[in-house]
Chemist: 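Provided herewith is a single structure, encoded as C-alpha cells, for subsequent inquiry.
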2 protein chains.
Amino acid sequence: MQTIPKELVLKKFPTLEDSLLDELLAESTLKEVGEGEEVMRSGQYITSTILLLRGLLKVYREDDEGNEFMMYYLEAGNACAMSMMCTARNEKSQIMVKAVTDAEVLLVPSHLSELWLGKYKTWHNFVIASYRQRFEELLQTLDSIAFKGLDERLLFYLKSHVKVSGNEVKLSHQQIANELNSSREVISRLLKKLEQTGAITLHRNYIEVHDLTIV
Amino acid sequence: MQTIPKELVLKKFPTLEDSLLDELLAESTLKEVGEGEEVMRSGQYITSTILLLRGLLKVYREDDEGNEFMMYYLEAGNACAMSMMCTARNEKSQIMVKAVTDAEVLLVPSHLSELWLGKYKTWHNFVIASYRQRFEELLQTLDSIAFKGLDERLLFYLKSHVKVSGNEVKLSHQQIANELNSSREVISRLLKKLEQTGAITLHRNYIEVHDLTIV
DNA sequence: TAACTTCAGTGACTCTTATCACAGAGGGAT
DNA sequence: ATCCCTCTGTGATAAGAGTCACTGAAGTTA
C-alpha cells in the first residue's frame, strides 16, 4: 500500500474535520489508475466509497438489459455518490467507473463510510452535499433526455466535455454516439451541421471546438 | 393549528426516535389537502420539508422552459426528498406537489430539518434513506426514458398507477399524455392496441386494468 | 329534448432518429 | 508503395412519434 499524500487530501477535501482526516488516511487505500482503466465495473459488489484525489473519472450506469449511459463526470475533490448509495444496500453495482485521465482514488471501506455518518458531522455533510449535487445533475440529464432533441443534447455533451478537458475533444463519432445512445451516422450528420456554422472543426479522432455559444 | 395525531405519526414513521418525535409534534404544522389540490407549486421558496401522513401525493418537476414531468408518487410514511434538497440551498422550488387523493401532510420548518440532521441519528438515517430511494427511482425513470419506446413507458406508467391506486385508472388520455410528455392521439392509439390484447378495457375517463403482465 | 362541452378514435402528413449499404480518407505497418 | 484497418461522409429507406383536421360518443346543463 502506498502512503497517502496528506497535503493533497487536505487540499481537495477542505471541509472534512481533522480527526476524520486522520482516520481517513489511516484506513483507506490509495489506488492509481491509468487513462481508460476501469475503477469499478458493473456487476461487482461495492465494498468501498470512492473519493477522487486527482484526475477525471466518468461514471456510467448500466441497466438490466445492458444499456449504458453516462451519468456524470467526477472531478478531483468529489466523491462518487453512486458508490455510497449502493454500498448501503450491499448490492451489486449497476455502475461502471472509468478513468478519463490518469487518476488517483481513495478507497474508503463501506462499513467505515457508514460509521462515519454518525461519528463525524463534516462527513455526513459531505455525503449529503454529494447526494444533492448528483441528484441535481441527474435531473438535468433527465430534463435534457425528456425534452430536448438530439442536436441540443449533443451540444450539451460537447460543452460539458470542453469544460472538463479543454477544446480538443478527443473522441470518435462512434464514442459520442454510444454515450448519447444514438448511432454514429446520426452524430456524424449533426456534427457536420455544427461544423458548417463554424462552431467546431472536425478532424479524424478529435473535434476542435471554437465556440459553442454561437449556435 | 390542528393537533397532530401522535398515534398516526408513530405508526407511519416508526424509525424515528422518541425525543425527535416529540419535537416533531411540537414544531411542525399539520395541513390537510383535498384531492387535486397543490401542496407546493413551482416557483415558491421552499420553507418546509414535507412528511406525508395520509393519502397519496404526486411530485412533478418543471424545468426552465415550463416542461413538466412526474418524478414519483409519494405514499404515506415517506418524505419528499426533493423538498429536503431544495430546502438546503434556499432555492426556489422547481417542483410541484399535487394531492392525488385527500391527504394530510406534516410541514417541518427547513431550519429544523437541517438542525436535526446533526442532532438525531434516526433523522439523518431517515433522510439519507429517502435520498437513496428517490435516487434509485429517478434512475429507473431515466432508464425508461432513455431506452424504452413510448409503448413500454406507457405500460410502466399504468403499472405504477395500478400499484398505488388500484385497477380503475381514473385518468383521461390527455392526462396520461401530459405525464408521459406525449400527445393525446398517440396515447389513444397505444391504449387501443393494449385493449386489443385484452390487457385493459377503455372507458370514458377511466381505464379498467385486467392484466398488464400478459403483454 | 336540445344544445354544449369534453373525451376518444382515426386518417394523412411531417419530422426526427435509426438502419443499411457503400464509398472514400487518413494513418499505420510491412 | 502497398495493404489494411479504422474513422468519416452520404444517400436511401423505414419506424416511431408528434401535429392537424375532423368525426363521433358520452355526459351535462338548461
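For clarity, every value in this text was computed on a predicted model and none was experimentally measured. Just so it is clear: chains get the letters A, B, ... in the order the sequence lines come, proteins before strands, and each one is counted from 1.
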Chemist: Starting at CG of N178(A) and ending at P of dT8(D), how long is that distance when rounded to a whole Å?
Modeler: 12 Å
Chemist: Answer yes or no: does a side-chain N or O of H173(A) lie under 4.0 Å from OP1 or OP2 of dT8(D)?
Modeler: yes
Chemist: With a 4.0 Å limit, can you tell me whether S182(A) has a side-chain N or O closer than that to the phosphate oxygens OP1/OP2 of dA18(C)?
Modeler: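 Checking S182(A) against dA18(C): at least one side-chain N or O falls below 4.0 Å of OP1 or OP2.
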Chemist: Whole angstrom is fine here: how far is it from CD in Q174(B) over to P in dA8(C)?
Modeler: 9 Å
Chemist: In terms of the angle between their ring planes, are F13(A) and F126(A) parallel, tilted or perpendicular, with boundaries placed at 30° and 60°?
Modeler: perpendicular
Chemist: Of the nucleotides dG18(D), dT19(D), dA8(C), which one has an atom closest to the side chain of E185(B)?
Modeler: dT19(D)
Chemist: Roughly how many Å is it from NZ in K192(B) to C1' in dG24(D), rounded to a whole number?
Modeler: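 Rounded to whole Å, this separation is 13 Å.
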Chemist: Ignoring hydrogens and geometry, is there a side-chain-to-backbone donor-acceptor pair from W123(B) to L16(B) under 3.5 Å?
Modeler: no
Chemist: Between dA15(D) atom P and E152(B) atom CD, what is the distance in whole Å?
Modeler: 18 Å
Chemist: Compute both the distance and the angle, then confirm whether R134(B) meets the cation-pi test with F135(A): under 6.0 Å from the six-membered ring centre, within 45 degrees of the axis.
Modeler: no
Chemist: If you take atom types as modelled and just measure distance, does the side chain of R204(B) reach the base of dT5(C) with a donor-acceptor pair under 3.5 Å?
Modeler: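 It does not, because no donor-acceptor pair links the side chain of R204(B) to the base of dT5(C) below 3.5 Å.
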Chemist: Of all the nucleotides listed (dG9(D), dG9(C), dC7(D)), which has the minimum atom distance to the side chain of R184(B)?
Modeler: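 My answer, after comparing the listed nucleotides, is dG9(C).
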Chemist: On DNA chain C, nearest-nucleotide positions of N205(B) versus S183(A): which is more 5'?
Modeler: N205(B)
Chemist: Roughly, in whole Å, what's the span from NZ in K193(B) to P in dT10(C)?
Modeler: 13 Å
Chemist: Which class fits the ring pair Y206(B) and H203(B): parallel under 30°, tilted 30 to 60°, perpendicular over 60°?
Modeler: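 Plane angle under 30°, so parallel.
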Chemist: Let me know the distance between CG of L191(B) and C1' of dG9(C), rounded to the nearest Å.
Modeler: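 Rounded to the whole Å, the gap is 12 Å.
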Chemist: Is it the case that dG11(D) (base atoms only) and R189(A) (side chain only) share a donor and an acceptor within less than 3.5 Å, ignoring hydrogens and angles?
Modeler: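 Indeed, a donor on one side and an acceptor on the other fall under 3.5 Å apart.
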Chemist: Just the rounded figure in Å: distance from P of dT10(C) to CG of L190(B).
Modeler: 13 Å
Chemist: Tell me the interatomic distance from N181(B), atom CG, to dT16(C), atom P, rounded to whole angstroms.
Modeler: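 In whole Å, dT16(C) P lies 17 Å from N181(B) CG.
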Chemist: Would you indicate which nucleotide in dT10(D), dT10(C), dT19(C) comes nearest to any side-chain atom of V186(A)?
Modeler: dT19(C)
Chemist: Specify whether Y73(B) and H161(B) have parallel, tilted or perpendicular ring planes, treating 30° as the upper limit for parallel and 60° as the lower limit for perpendicular.
Modeler: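 Perpendicular.
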